[in-house]
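Below is one structure, written out as C-alpha cells; the observations come after it.
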2 protein chains.
Amino acid sequence: MDKHTPIDLTLTERHSAVTITQWVYSTLRQAVLLGKIPPGRALTIRELATLLDVSPMPIREALRQLSAEGALEIQGNRRVMVPKMTAMKFAELVEARICLETHSAVRAMPYIDEARLAQLEDLDHRIDIATEHGNGHDVTRYNQEFHRLLYTANPHQVTQSLIESLWLQLAPFMQVAIENLDDYYQVDRHKEAISAIRERDSLALQMAISADIRDGCAFASSPEQLQQLLG
Amino acid sequence: MDKHTPIDLTLTERHSAVTITQWVYSTLRQAVLLGKIPPGRALTIRELATLLDVSPMPIREALRQLSAEGALEIQGNRRVMVPKMTAMKFAELVEARICLETHSAVRAMPYIDEARLAQLEDLDHRIDIATEHGNGHDVTRYNQEFHRLLYTANPHQVTQSLIESLWLQLAPFMQVAIENLDDYYQVDRHKEAISAIRERDSLALQMAISADIRDGCAFASSPEQLQQLLG
DNA sequence: ATGTCTGAATTGTGATCACATATTCGATGA
DNA sequence: TCATCGAATATGTGATCACAATTCAGACAT
C-alpha cells in the first residue's frame with residue numbers, strides 16, 4: 001500500500017501561459033478524479049517532481065492546494081495521501097452533496113435561460129451516447145459538466161468550490177460505478193431536472209438532483225458493497 | 001486601497017513543534033477572521049515575510065492554502081487579496097451557511113451526549129457574559145466555538161471544512177455586527193438549539209440554527225446597509 | 001493640470017541547497 | 001524464525017538566488 005504501487009499520470013500538454021504550479025495542480029487533480037492514485041499511497045514531493053519532470057517547488061504548492069480542497073490529506077508525519085474512506089464517511093459525503101447541490105440548483109434556476117437549457121440538453125444527449133457506448137470516463141466527465149453548468153448559472157456563485165471539494169473526496173471511490181454503469185442509469189434524472197427547470201418547479205428540481213446523486217452512488221448503498229472496494 | 005494601508009497582525013507565540021508554515025497560516029487566518037486585512041489590499045509575499053520575520057517560503061504556502069479555502073483570492077495578475085464583497089454574494093454566503101449548518105447540526109444531533117450538552121451550555125453562558133460586557137471579540141469567538149462544538153459531534157464529519165470556508169469569506173464583513181451587537185442578541189437562539197437537541201427535535205434544531213445565523217447577519221439584510229461597508 | 005511613456009524597483013515563480021526528522025533496511029541477537 | 005536496534009537513505013521544511021513579468025514613479029509633452 002505504501003510506496004511501491006506505481007502511479008500513472010496522464011500528462012497533458014502544458015501551455016506556456018499557464019504556470020507550472022497550475023499545470024501540476026490540474027494534472028494531479030485529474031489523477032485524483034480518475035482514481036489513479038490508490039488511497040493511502042504515500043505521495044512524495046521528489047517522486048512526483050521526477051514523474052512530472054519539474055522541480056519540487058510547483059509540486060509542493062499543488063499538493064498544499066489539493067490538501068486544502070480535501071482531495072489530499074496531510075498526515076501528522078507530514079505525509080500526503082489520498083484519504084482513506086469508510087462507509088459512514090461515504091454516506092456523509094453523499095448526503096452533503098445532496099444538501100449542497102439541491103440548494104445550489106434551486107438558487108441557480110432563476111438565472112437559467114433558453115441558451116443554457118439548450119447546452120444542458122446537449123450534455124444530457126452526450127451522456128446518453130456515452131452510456132450506450134459504455135464509455136465510463138465520458139459519462140462521468142459530461143455528468144460533471146452538466147452539474148457544473150447548472151449550478152454556475154448563478155452569477156453570485158459561492159457553493160461551487162465547496163461542491164467540487166466533495167466531488168474530489170468521492171471520486172477515487174466511484175470507479176466501480178463507471179465500470180458497470182448500465183445498471184444505474186435506468187431513469188434519466190437529467191431530463192427530469194431539465195423539465196423541472198422549464199416549469200420553474202423548485203421542488204421537482206430538488207427531487208431530480210437528489211435522485212440523480214443517489215442513483216450515481218447507489219452501488220454503495222449498503223456498507224458491505226462499499227467495504228470490498230476500500231480494502 | 002492598494003498598498004499603503006498598514007495591516008496589524010497580532011503575533012502569537014510560536015511553539016517549536018509547529019512548522020513555521022502552520023504558524024503563519026494561523027496568524028493570517030486569524031487576521032482575516034478579525035477583519036484586519038482590508039478587502040482589495042494587495043498582499044505581497046515579501047512584505048508579509050518582513051512583517052512576520054520569516055522567509056518568503058512559509059508565506060507562499062500559507063497564502064496558497066488560504067486561497068484554496070476561499071479566505072483569500074488570487075487574481076489574474078497573481079496578486080493575492082481578501083476578496084471584495086457584493087450584497088448579492090453576501091446573501092448567497094448567508095444562505096449557504098444556513099443550508100450547510102442546519103444540515104450539519106441535524107446530522108450531529110444523534111451523537112450529542114450530556115457531556116457535550118454541558119459544554120454547549122457553558123459556551124452559551126460565556127457568550128451571555130461577553131455580550132453584557134460588550135466584548136465583541138469574545139462573543140464571535142465563543143459563538144464560533146459553539147457552532148464548531150455542535151457540528152463536530154458527528155465523528156464522520158465532512159462538512160466542517162466547508163463551513164469554515166464560508167465563515168472565512170463572511171468574517172471580514174461582520175465587523176460592524178460585533179461593534180453594536182446589543183441589538184441583535186435579543187433572542188438566545190443557542191438556548192433554543194440546546195433544548196431542541198435535548199428533545200431530539202430535528203426541525204426545531206434547524207429553526208434555531210437558521211434563526212441564529214440570520215440574526216447574526218441581520219445588519220446586512222438590506223443591500224443599502226451592507227453597501228456602506230463595502231466601499 | 002493631465003495623460004503618456006520609459007526606466008527602475010518590486011513582485012511572483014521556480015530552481016537549488018542545507019538541515020533536521022522520518023523512514024527503511026540490514027545486521028545482530030534471541 | 002522473528003523481533004530489535006542502528007545506520008544509511010529518503011523526505012519535508014525552510015532559506016536563498018535568478019529571472020521574467022508586473023507595477024510604480026517621475027519626466028515629458030500636450
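Here is how names work: the chains are called A, B, and so on, in the same order as the sequence lines, proteins then strands, and each is numbered from 1. Source: prediction; values computed, not measured.
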Specify the separation, in whole Å, of atom [atom1] of [X] and atom [atom2] of [N].
{"X": "E47(A)", "N": "dT11(D)", "atom1": "CD", "atom2": "C1'", "result": "12 Å"}
{"X": "I59(B)", "N": "dG12(C)", "atom1": "CD1", "atom2": "P", "result": "11 Å"}
{"X": "Q75(B)", "N": "dT11(C)", "atom1": "CD", "atom2": "P", "result": "15 Å"}
{"X": "R79(A)", "N": "dT11(D)", "atom1": "CZ", "atom2": "P", "result": "7 Å"}
{"X": "L51(A)", "N": "dT11(D)", "atom1": "CG", "atom2": "P", "result": "13 Å"}
{"X": "M81(A)", "N": "dT11(D)", "atom1": "CE", "atom2": "P", "result": "17 Å"}
{"X": "N77(A)", "N": "dA20(C)", "atom1": "CG", "atom2": "C1'", "result": "16 Å"}

How is R46(A) classified with respect to the nucleic acid when contacts are heavy atoms under 4.0 Å: base, sugar-phosphate, or nothing? base
Nearest to the I45(B) side chain among dA15(C), dG12(D), dG12(C), which nucleotide is it? dG12(C)
Centroid-centroid distance, H190(B) to H147(B), less than 6.0 Å: yes
Is it the case that the base of dG14(D) and the side chain of R60(A) share a donor-acceptor contact (distance under 3.5 Å, atom types as modelled)? yes
Does atom CG (N77(B)) have a neighbourhood of more than 12 heavy atoms from anything else shown, all under 6.0 Å? yes
Would Y25(A) and E69(A) count as having a side-chain donor-acceptor pair, cut-off 3.5 Å? yes
Pick the nucleotide of DNA chain D nearest each of M57(B) and V80(A); which residue has the one closer to the 5' end? V80(A)
Which heavy-atom pair separates L150(B) from L120(B) by the least distance, and what is that distance? N-CD2, 4.1 Å
